[in-house]
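Everything quoted here is computed from the prediction, not taken from an experiment.
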Amino acid sequence: MISFEGFTLLILLFILAPIIGAIALLFLFIFEKRIDLLENKNLKIELEKELQQALYNQLNQQIQPHFLFNTLNVILSLARLNRTKELVRALEVLSQFLKFKYKSTEPLISLAREITYTEQYLEIQKLRFGDRLRIQLDCAEDLLQASIPPFVLQTLVENAFKHGLERKMGEAILDIRISRKDDDVLLTVIDNGSSGLTAFQNESEIETEQPHEKSGHGLDNIRRRLHLCFGDHAQLELAPISEGGTLVSVKWPCTYEQIDLR
């Protein structure tokens, strides 16, 4: 015989059980929706990272063929002039460049590595220009391990030769300065070429309109890669020099951390 208290508890159980079950199902439904939302959000983030990585790789690869073609032209010129010693050294530098090219897949590298890579390019140019080429490269010691997108400095230096120093009669001067400005790194590349600014601007406009035809190795490429890594916190400016030549400055946040776009 069930007591009155027992009968009351049994009735309450029958009444409350469906309510508790409904509440449990509601929480489970909300929890599952939350999991689905997080999974979709993570998937979206991964897809954005993949898209950024693909875009970065595409922009990065656009730079390198132009340097390769220029280097091969230098080697061909040395061969035609029978400058065997310089030719052998140029081939050694090209080999070092290719090694760096295929090993450098990071979105950011240290300034020390970028400078080393650029010096390989400059060594080839020294073989071409001889004593009439004067290069000054200054970098603050504490910035050597700061991060920079690969091929930024080399591209600016390459364009300084292509659009300015190649046309320069007499002494060719290239001044590279890397310094700290507040929380940013400031890179300036100055040449005394005769008409670098116009050529720089024309190339940038052509590449913006027809990137596949111009290999994308100019200023627009650098701007886009800097934007991928630093957003609106990076900038690139171009200015003529009154006595002749061009000054290009690039500024981006000083960081010693690697940005993983993969």
J.: Check the pair Glu92, Gln96 against side-chain hydrogen bond (donor to acceptor under 3.5 Å, both in side chains), reporting the backbone distance first and the verdict last.
T.: CA-CA 6 Å; Glu92 290 176 348; Gln96 294 171 359; 5.9 Å; no
J.: Is the shortest heavy-atom distance from the side chain of Ile178 to the side chain of Asp138 under 4.5 Å?
T.: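 No - every pair of side-chain heavy atoms lies 4.5 Å or more apart.
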J.: How many angstroms lie between CD in Gln235 and NZ in Lys251, if you round to the nearest 0.5 Å?
T.: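 Rounded to the nearest 0.5 Å, the CD-NZ separation comes to 4.5 Å.
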J.: For Phe161 and Leu174, which heavy atoms make the closest approach, and how far apart are they?
T.: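 So the two residues come closest at CE1-CD2, 3.9 Å.
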J.: Taking the side chain as everything from C-beta on, heavy atoms only, tell me whether Ile241 gets closer than 4.5 Å to Thr246.
T.: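 The answer is no, as the side chains (C-beta and beyond) never meet within the 4.5 Å cut-off.
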J.: Which distance, rounded to the nearest 0.5 Å, do you find between the CZ of Phe230 and the CG of Asp184?
T.: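 Going from CZ on Phe230 over to CG on Asp184, the span is 9.5 Å.
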J.: Could you walk me through whether Trp252 and His233 pass side-chain contact (heavy atoms from CB on, under 4.5 Å), step by step?
T.: CA-CA 6 Å; Trp252 68 94; His233 299 290; over 6 Å; no
J.: Would a 4.5 Å heavy-atom cut-off, applied to side chains only, mark Arg225 and Val152 as touching?
T.: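 When only atoms from C-beta onward are counted, Val152 and Arg225 do touch, with a gap below 4.5 Å.
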J.: Where is the tightest heavy-atom contact between Leu108 and Cys229, given as atom of each residue plus distance?
T.: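 Taking Leu108 first and Cys229 second, the nearest heavy atoms are CD2-SG, 4.1 Å.
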J.: Salt bridge between Arg224 and Asp220, side-chain N to carboxylate O under 4.0 Å?
T.: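 Salt bridge: yes.
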J.: Within a strict 4.5 Å, meaning less than it, do heavy atoms of the Gln120 and Ile124 side chains meet?
T.: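 Of all side-chain heavy-atom pairs linking Ile124 with Gln120, none is under 4.5 Å.
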J.: Are Thr188 and Ser249 packed together at the side-chain level, in the sense that at least one heavy-atom pair is separated by less than 4.5 angstrom?
T.: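 A side-chain contact exists here, since the closest heavy-atom pair is under 4.5 Å.
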J.: Quickly, which of Leu186, Val185, Ile148 forms a side chain to side chain contact (heavy atoms under 4.5 Å, CB included) with Leu143? Name it, please.
T.: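 Of Leu186, Val185, Ile148, side chain to side chain contact (heavy atoms under 4.5 Å, CB included) with Leu143 is met by Val185 alone.
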J.: Minimum heavy-atom separation for Glu114 to Gln154, with atom names?
T.: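 Closest pair (atom of Glu114, atom of Gln154, distance): OE2-N, 3.3 Å.
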J.: How far apart are the closest heavy atoms of Leu219 and Leu156, and which atoms are they?
T.: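 Taking every non-hydrogen atom into account, CD2-CD2, 3.8 Å.
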J.: Quick one: closest heavy-atom pair of Arg223 and Leu236, and the distance?
T.: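 Scanning both residues, the minimum pair turns out to be NH2-CD2, 3.6 Å.
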J.: Is there side-chain contact between His227 and Asp232, with heavy atoms separated by less than 4.5 Å?
T.: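 His227 reaches Asp232 side chain to side chain.
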J.: At their closest point, which heavy atom of Leu127 faces which heavy atom of Arg83, and how far apart are they?
T.: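 Between these two residues, the closest heavy atoms are O-NH2, 2.6 Å.
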J.: Roughly how far, to the nearest 0.5 Å, is CD1 of Ile115 from CD1 of Ile176?
T.: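 That separation rounds to 8.5 Å.
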J.: When rounded to the nearest 0.5 angstrom, what is the spacing between CG in Leu153 and CD in Glu158?
T.: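 Rounded to the nearest 0.5 Å, the CG-CD separation comes to 11.5 Å.
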J.: About how many Å separate CZ of Phe129 and CD1 of Ile135, when rounded to the nearest 0.5 Å?
T.: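 Answer for the CD1-CZ pair, Ile135 versus Phe129, is 9.0 Å.
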J.: Show your working on side-chain contact (heavy atoms from CB on, under 4.5 Å) between Leu72 and Leu94 and close with a plain yes or no.
T.: CA-CA 9 Å; Leu72 291 176; Leu94 176 60; 4.2 Å; yes
J.: Once you round to the nearest 0.5 Å, how far does CG of Asp191 lie from CG of Asp175?
T.: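 Spacing of CG (Asp191) from CG (Asp175) equals 10.0 Å.
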